[in-house]
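A short write-up of the structure that comes next.
Heavy-atom basis, side chains included; hydrogens, waters and symmetry copies ignored.
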Amino acid sequence: MENNDFLNNGETQQTLNNAEPNNSQNLYENKIQQLRDTVSRVIIGQEKSVDLLLTAILANGHVLLEGVPGVAKTLTARLVAKLIEADFSRIQFTSDIMPSDILGTSIFNMGNHQFEFHPGPVFGDIILVDEINRAPAKTQSALFEVMEERQATIDGKKYPMGDTYTIIATQNPIEQEGTYRLPEAQMDRFMFKITVGYPDQESEVAVLRSHNGNQNFTRLENINPILTKQEISDIRKAASNIFVDDKILNYIVQIVQQSRQHQSIYVGASPRASIALLNASKAYAMINGRNYVVPSDVKELSVPVLQHRISLTAEAEMDGVTVQQVIEEMFSKTVVPN
């Protein structure tokens with residue numbers, strides 16, 4: 001179905017006509033396009049992954065980037081953080097890292113005879129957690145509260161995070177020695193799991209050309225921020241006001257509920273997945289210059305929202321069925337709103 005076909009309903013069309021974009025919305029569109037253009041000059045051949053990452057940030061969600069080494073996962077996260085005038089922090093997870101290493105610790109001050117809290121690297125605005133699956137369960141649990149509630153409780157005291165607080169984590173899907181599987185409860189706290197693949201031949205040639213003699217190569221230190229923290233907050237508020245028809249809401253719920261009933265799925269998606277798909281669809285519509293959500297937005301975002309929240313049955317895994325195939329089958333059985 002074409003996007004315009006969704007606008008045939010008279011009441012919906014009238015609502016959209018009354019929701020004309022204002023000057024601030026146009027400014028947001030220009031800023032977002034600047035972000036995309038700048039990223040595309042540095043990260044070549046990963047346009048879809050970058051759009052998904054920007055969508056998650058504008059939808060106030062955390063992101064898990066999964067891909068083999070060398071496909072610019074860490075570089076992408078660092079670049080996006082650089083383009084936002086926000087406090088950036090990086091944590092390298094290892095098998096011996098402890099919760100206090102990331103949350104911080106209280107140290108006794110001999111001068112005033114009091115304990116003083118020294119915050120760890122988890123405090124900031126955009127946090128890059130590199131190789132998140134290399135930390136044991138005890139350390140993984142330290143991220144539960146900050147990811148869901150945007151606060152950390154240490155020694156009985158609560159420390160709130162900023163409005164733009166976002167965790168971008170990376171993991172390698174093939175090197176499993178010395179790694180720990182992320183708990184399902186933590187996986188569910190990521191809005192997206194983005195699979196970063198290899199670039200195509202043309203894009204990889206462009207990568208080599210940009211590195212050859214450093215010609216036209218854009219370095220991170222030469223990049224200036226495009227958005228401030230306040231602008232990110234304003235854009236998030238604007239994205240939350242994107243129009244969503246009730247038919248789209250029913251469409252989202254039907255997809256998520258199918259994940260709980262499909263014969264190949266052992267554990268389906270929770271209502272948190274429905275909320276994530278709704279909020280992500282609104283942000284995705286905004287970065288594509290629309291002030292309303294269409295069914296194609298929901299379908300485009302279904303895999304990154306659902307793939308890490310669904311567990312297949314043992315029989316399906318033995319038959320070689322993938323989560324992506326199951327999600328596509330769910331959409332084929334769901335009537336598209338018109």
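Between atom CD of residue Glu329 and atom CD of residue Gln325 there is a gap of 9.0 Å, rounded to the nearest 0.5 Å. The CD1 atom of Ile226 lies 7.5 Å from the NZ atom of Lys31; values are rounded to the nearest 0.5 Å. The CG atom of Asn172 sits 6.0 Å away from atom NZ of Lys73, with the distance rounded to the nearest 0.5 Å. Here the OG1 atom belonging to Thr322 is positioned 8.5 Å from the CD1 atom belonging to Ile327, to the nearest 0.5 angstrom. Considering CD of Gln92 and CD1 of Ile132, their distance stands at 11.5 Å, rounded to 0.5 Å. Note: Gln186 CD to His308 NE2 = 11.0 Å, rounded to the nearest 0.5 Å.
Looking at heavy atoms from C-beta onward, Thr164 lies out of side-chain contact with Ile126 at the 4.5 angstrom threshold. Within the 4.5 Å cutoff, the side chain of Leu53 has no heavy atoms near those of the Phe192 side chain. By the 4.5 Å heavy-atom criterion applied to side chains, Ile97 and Ile91 are counted as neighbours. The shortest distance between side-chain heavy atoms of Val146 and Ile127 does not fall below 4.5 Å. Side-chain contact between Ile255 and Phe331 is present, with at least one heavy-atom pair separated by less than 4.5 Å. In this structure the side chain of Leu128 reaches within 4.5 angstrom of the side chain of Thr170, judged on heavy atoms. With contacts defined as side-chain heavy-atom distances shorter than 4.5 Å, the pair Met286/Leu58 does not qualify. Side-chain atoms of Arg189 and Leu143, non-hydrogen and from C-beta on, never get closer than 4.5 Å to each other.
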Side-chain polar contacts of residues 311-318 - donor-acceptor pairs under 3.5 angstrom, sequence neighbours left out - could you list them?
residue, atom, partner, partner atom, Å
Thr313, OG1, Ala316, N, 3.2

Sequence neighbours excluded and cut-off under 3.5 Å, please list the side-chain donor-acceptor pairs for residues 63-71, or say none.
residue, atom, partner, partner atom, Å
Glu66, OE1, Lys193, NZ, 3.4
Glu66, OE2, Gln171, NE2, 2.6
Glu66, OE2, Lys193, NZ, 3.4

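Residues satisfying the ring pair (Phe, Tyr, Trp, His ring centres under 6.0 Å) criterion with Tyr266, sequence neighbours excluded, are absent altogether. Partners of Lys237 under the salt bridge (Lys or Arg N to Asp or Glu O under 4.0 Å) rule, at least two apart in sequence or in another chain, do not exist in this structure. Evaluation of the side-chain hydrogen bond (donor to acceptor under 3.5 Å, both in side chains) rule for Glu85 yields no partner, not counting sequence neighbours. Scanning for side-chain hydrogen bond (donor to acceptor under 3.5 Å, both in side chains) contacts around Glu184 gives Arg181, with sequence neighbours left out. Pro160 is linked by a side chain to side chain contact (heavy atoms under 4.5 Å, CB included) to nothing, counting only residues two or more places apart in sequence or in another chain. In this structure Ser240 satisfies the side-chain hydrogen bond (donor to acceptor under 3.5 Å, both in side chains) test with no other residue, sequence neighbours excluded. For Gln230, the side-chain hydrogen bond (donor to acceptor under 3.5 Å, both in side chains) criterion is met by Asp234, not counting sequence neighbours. Under the rule for a salt bridge (Lys or Arg N to Asp or Glu O under 4.0 Å), Lys299 has no partner lying at least two apart in sequence or in another chain. Judged as a ring pair (Phe, Tyr, Trp, His ring centres under 6.0 Å), and not counting sequence neighbours, the contacts of Phe123 are Phe117.
Heavy-atom contacts from other residues, nucleotides or ligands closer than 6.0 Å to CD of Gln151 number more than 12. Atom CD of Gln263 has 12 or fewer neighbouring heavy atoms from other residues, nucleotides or ligands inside a 6.0 Å radius.
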Q: Please test Gln258 against Thr334 for side-chain hydrogen bond (donor to acceptor under 3.5 Å, both in side chains), starting from the C-alpha separation and ending with a verdict.
A: CA-CA 9 Å; Gln258 276 200 57; Thr334 306; 2.4 Å; yes
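Looking at Arg309, its side chain does come within 3.5 Å of a backbone N or O of Met191 through a donor-acceptor pair. Side-chain atoms of Asp297 come within 3.5 Å of backbone atoms of Val294 as a donor-acceptor pair (strictly under, hydrogens ignored). Listed for the Asn112 side chain is a donor-acceptor partner under 3.5 Å among the backbone atoms of Gln114.
With a 6.0 Å cutoff to the six-membered ring centre and a 45° limit on the axis angle, Arg78 does not count as a cation-pi contact of Phe88.
Residue pairs meeting the salt bridge (Lys or Arg N to Asp or Glu O under 4.0 Å) criterion with at least one member in residues 145-174, sequence neighbours excluded: Glu148-Arg272.
Between Gln307 and the options Val305, Val303, Ile310, a side-chain contact (heavy atoms from CB on, under 4.5 Å) holds for only Val303.
The closest side-chain donor-acceptor pair between Asp37 and Gln33 falls under 3.5 angstrom.
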